[in-house]
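A short worksheet on the structure shown next.
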Amino acid sequence: MAEKLAKDYRAREVESRWYSFWMEQGFFHADEQSGREPFCIVIPPPNVTGKLHMGHAIFVTIQDILTRYKRMQGFEALWLPGTDHAGIATQVMVERQLAKEGSNRLELGRKRFLERVWQWKEEKGGTIIEQMKVLGASCDWERERFTMDAGLSTAVREAFVRLFEEGLIYREERLVNWDPVTQTVLSDLEVEQDSEQGSLWHIAYPVEGSEQQIVVATTRPETMLGDAAVAVHPDDPRYQGLIGKRCALPLTKRSIPIIADPLVADPQFGSGAVKITPAHDFNDYACGLRNNLEKIQVIGLDAKMTEAAGEAYCGLSREECREKVVEDLKAAGLLLRIEPYTFMPARSQRSRALVEPMLLPQWWVKMDVLAKPAVEAVESGRTTMIPKMWEKTYFNWMNNIRDWCISRQLWWGHQIPAWYCLDCDKDAIIVSKLEGAVDPEMRIASGAHPLVSREQPAKCPRCGGQNLAQDPDVLDTWFSSGLWPFSTMGWPEQTATLQKFYPTTVMETAADIIFFWVARMMMMGLHFMGETPFSTVYFHALIRDKDGQKMSKTYGNVVDPLHVVYGVDPEQLPEDERAACRLLFEDYPQGIEAQGADALRFTLAMYAAQGRDIRLDIKRVEGYRSFLNKLWQASRFVMMHLEEGSHEAEVGAQLDVDASQLSLADAWILERLRLVVEHVSTALNDFRFNEAAQAVYDFLWNEYCDWYIELSKPVLYAAEAQKAVTRSVLLHVLETVLRLLHPFAPFVTEEIWQALPKTAASPASIMVAPWPEPAPARFSEQAARMQRVIGIVQALRNLRGEANVPPGKAIPMLQVFSDEPQLLPLLEESRGYLRALTKVEDYACLPTSASRPKVSATTMADGLELSVPLEGLIDLDEERARLGKALAKLESQLQAMAKKLSNQGFVSRAPEEVVAAERAKLEASEAAKARLQAALERLG
RNA sequence: GGGCGUAUAGCUCAGCGGGAGAGCAUCGGUCUUACAAGCCGAGGGUCACAGGUUCAAAUCCUGUUGCGCCCACCA
């Protein structure tokens, strides 16, 4: 028959063919009216600014595997896609563009800036979506959402207003994390602390009315200008006389008290005395509240020193001020020493800027009330996390949760639905920079009275004034993300989609956003929907480079998934992209060849063992591309031997044959197939993707290709009578494997599947073909007999290799010594197999008492003594050495077994079948030893 | 300071109570009519260390060490 598959497997050619077909056929669309059981995953929305990286590649792979698997199983499978507006990230990116044009957002103003961001979003925001399609993502694109869509914005306002009305959202002035570069407040989670090398400056503060000095140590000497006290431990004997006295704050004209505070001063640390800066340190702020200290703000929102820092320092940056303070202290003789010190400065996750604690009014979500049911849902198992260890992390954070700062001083995002009356709440507006302008630089005072509402209020309910200004802040991006599982389905409307697909089935994401996102979805879902948003959370591993380093552009160890898919030539890359992949190109100076999306997906599935980071090695991707090539070639083999018009693949049907028609090999492969179908399903149900992929890999390569196809050859080339059945089995097994493999490698399986012969009743695509169901065990007895033949073949191949008998050389005679009566028919039945696989031309089955030929090579297989008379073909010394080695190995095994069986404890306490198996093993090994010894003796 | 993960062949990793496994790399043999990105065979490991539980431990427990991660306001 005409060849339908090209001779070579060319991944990218195959992959370019099918995605549009699937789309046109509407296979990705999930119907909320369907009577099928729902299965739903909502995508972790990638940043709309994003470009595909390995983190995306792994979630696309795993979520697509799950979705395709469930879809084939007959579920109404919805994988709901979308993107996130990613407040800071997007705003910063567009601001950078503006900077290139010599402009900035203040110059444009809020309205035009936002237009500009939207324009960018419309033009470029689809990149990441297109890239996910390259990987084969079977999302329902008709339902694609964006966190700033009208619908989702409605949901955000609804959630905000309800939480406010319930008293769970409030506005309050507190010390918050200020990022002076992006000019916004950050939540605790957006602040990172890594240890850095710094110094500890020891400064002497003169005690007033005495010659004494009190020594404090600090990592931030510039903050001393805002000190409000020096604290010591009340029990510290060194300072008993000083508590209550005052000291002169150097470089200023101020005098500050020496106070006792057991919570902030540790007598073991340094001098035991600590300077207190309530306005710029979280500990000191708390201490200030306890002791009623003044909060002196010496650093402004621009991270420059304020007037309160004193004339000499006002206007300096924090770094400049530090230098000057240190210099001035030195000059005053008050800087006692500087010691190197490792500390943990707080940095903005986004800008890496040093975070400055600032006293500012912000919007907060009260978390303890929301957290409680979310903890309970996981405790009770209504939501389970895989791997399980993450539940601990989740509990730990949830049980110590602090209120969530949700306002951001950005423009790109959901503007807070709160208004202020400019008539009766005059003090509400603070204009910080542009005189007289409410927008863009206005800020809202801490005592203001917000009018929170779903729509802009027409007038002030207090005074009737119509002069209302909306709160300029926007919400933390994660606020809208927290609503994602139901806002994407039309909430607050009670839509049919919500009815059908909420709660969703699986949340699949990375563990680094367990607090940012998963915890918040749990809380919001339970609060607004009354149900946990998903029953299982599966956390995939973090992808690192092959040496275990986190991938980073600056470090240069990035592996770009699209480079893997399409191949990459470093010469063709722009400088910055080449730099990001620098280390990869050191190993692959010529770049890498196209591996294809299927190979990348299969690799990621194979790597996805639970609870372990992935060290991605291109070599492994290449290995799995070879595997797909193997599948391709095997398919070509099968199709080559099909006859036109016959042997249609009956998708999903059981093979229409009975045991009597099957050869040993047929029965064996069908039994193995049954087991692999079972195994793959169980593994996928348990989220053990690597195990599922491994099972198909082993079956296809090591059983179907290495054995069954080889065993089928003598039949296809010679045995007319058996041909038809063998062809059916070849095709049936291949077709089933394609379906098992489809969720992992959707493109190549579709390509091959489409080329197979089909009936009128066949589905239009493998992706809507039924998932293989495990067949009942019908052929296990025959399969076991075949396994025995395989053992004989392996033993003979080993013997041939070890005895240096060239593969081309036929073995004229094989003698099998055994007293088993059932052996003769088995060997008779497998005559063709033995000849084809071992080049044994003839064999004889003899009782163990029969005499052996003088010169022969001997080996044991499954209790059978195999003897190949090979006079002149083998080197006697080598054969002696080979037997000696085999005997030594047996001997050591025998000793271990004998020791085990002589252990009274083992014999009496181990399960009977274990003991029996051990005894049988011992007997078999002893028999084998005796035969090999005899063979050795015969060689003289 | 608290918590978590991890240590298995040269490399990357499975296995997680009863015979130490895979892929890559290495060595030997093979261009056999699906596939040399292949086929056949081989070598290679005190399963980090020390204790314990058990008839039996790579696997369970305790401790130690190395590596990695997360949380936490200690100057």
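Below, each value reflects all heavy atoms present in this structure, side chains not excepted, and no hydrogens, waters or symmetry copies.
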Roughly how far apart, to the nearest Å, are [N] and [M] at atom [atom1]?
| N | M | atom1 | answer |
| --- | --- | --- | --- |
| B/rU46 | B/rA34 | P | 43 Å |
| B/rG23 | B/rG38 | P | 11 Å |
| B/rA42 | B/rA48 | P | 27 Å |
| B/rC39 | B/rG15 | P | 25 Å |
| B/rC13 | B/rU6 | P | 13 Å |
| B/rG19 | B/rA58 | C1' | 14 Å |
| B/rU12 | B/rG45 | C1' | 16 Å |
| B/rC40 | B/rU33 | P | 15 Å |

Of the candidate nucleotides [options], which contains the atom at the shortest distance from the side chain of [X]?
| X | options | answer |
| --- | --- | --- |
| A/P911 | B/rC55, B/rC39, B/rG23 | B/rC55 |
| A/A910 | B/rA72, B/rC4, B/rG18 | B/rG18 |
| A/F637 | B/rA37, B/rA14, B/rA34 | B/rA34 |
| A/Q694 | B/rA22, B/rG41, B/rA34 | B/rA22 |
| A/R636 | B/rA34, B/rG23, B/rC40 | B/rA34 |
| A/D706 | B/rA34, B/rC40, B/rG18 | B/rC40 |
| A/S626 | B/rA37, B/rU12, B/rA14 | B/rA37 |
| A/K921 | B/rG19, B/rG38, B/rC35 | B/rG19 |
| A/K7 | B/rC35, B/rG38, B/rC55 | B/rC35 |

From CA spacing to verdict: ring pair (Phe, Tyr, Trp, His ring centres under 6.0 Å), A/Y607, A/F689: CA-CA 8 Å; A/Y607 263 121; A/F689 301 97; over 10 Å; no

So [X], base contact, sugar-phosphate only, or nothing? Heavy-atom distance under 4.0 Å.
| X | answer |
| --- | --- |
| A/V216 | nothing |
| A/A917 | nothing |
| A/M344 | base |
| A/Y607 | sugar-phosphate |
| A/Y341 | sugar-phosphate |
| A/K275 | nothing |
| A/W201 | nothing |
| A/I709 | base |

Could you tell me the separation between the [atom1] atom of [X] and the [atom2] atom of [N], rounded to a whole number of Å?
| X | N | atom1 | atom2 | answer |
| --- | --- | --- | --- | --- |
| A/Q904 | B/rU54 | CD | P | 18 Å |
| A/W397 | B/rC71 | CH2 | C1' | 11 Å |
| A/M389 | B/rG68 | CE | P | 17 Å |
| A/H233 | B/rC74 | NE2 | C1' | 13 Å |
| A/E918 | B/rA56 | CD | P | 14 Å |
| A/M606 | B/rC13 | CE | C1' | 10 Å |
| A/F516 | B/rC70 | CZ | C1' | 12 Å |
| A/I514 | B/rC71 | CD1 | C1' | 12 Å |

Step-by-step ring pair (Phe, Tyr, Trp, His ring centres under 6.0 Å) determination, A/W390 to A/Y394: CA-CA 6 Å; A/W390 292 108; A/Y394 172 83; over 10 Å; no

Do [X] side-chain and [N] base share a donor-acceptor contact under 3.5 Å?
| X | N | answer |
| --- | --- | --- |
| A/D266 | B/rC74 | yes |
| A/E710 | B/rA34 | yes |
| A/K392 | B/rC4 | no |

Dot-bracket assigned to RNA chain B with the 3.5 Å Watson-Crick/G-U criterion, [ ] for crossing and | for other-strand pairs, is ((((((((.[[[[.)..(..]]]].(((((.......))))).....[[[[[..)....]]]]])))))))....

For [N], does either OP1 or OP2 sit under 4.0 Å from a side-chain N or O belonging to [X]?
| X | N | answer |
| --- | --- | --- |
| A/N396 | B/rC70 | no |
| A/R402 | B/rA72 | yes |
| A/R620 | B/rC13 | no |
| A/K630 | B/rC39 | yes |
| A/T393 | B/rC71 | no |
| A/Y717 | B/rA34 | yes |
| A/R625 | B/rA37 | no |

Step by step, work out the ring pair (Phe, Tyr, Trp, His ring centres under 6.0 Å) result for A/Y708 and A/F699. CA-CA 10 Å; A/Y708 187 70; A/F699 174 79; 9.5 Å; no

Indicate yes or no: does [X] engage [Y] in a salt bridge with an N to O separation below 4.0 Å.
| X | Y | answer |
| --- | --- | --- |
| A/D194 | A/R347 | no |
| A/D617 | A/K619 | no |
| A/K388 | A/E391 | yes |
| A/R174 | A/D403 | yes |
| A/K889 | A/E891 | no |

Taking CD in A/E593 as the centre, count heavy atoms belonging to other residues, nucleotides or ligands within less than 6.0 Å. Is the count above 12? no

With nearest nucleotides of RNA chain B determined for A/E802 and A/D698 from heavy-atom distances, which residue corresponds to the more 5′ nucleotide? A/D698

With RNA chain B as reference, determine whether A/T342 or A/F515 sits nearer its 5' end, using the nearest nucleotide of each. A/F515

Mind checking salt bridge (charged side-chain N to carboxylate O under 4.0 Å, His left out) for A/K885 and listing every partner two or more places apart, or none if nothing turns up? A/E802

Cation-aromatic face contact A/R797/A/W707, 6.0 Å, 45 degrees: yes

A/W632 (side chain) donor-acceptor with A/A6 (main chain) under 3.5 angstrom: yes

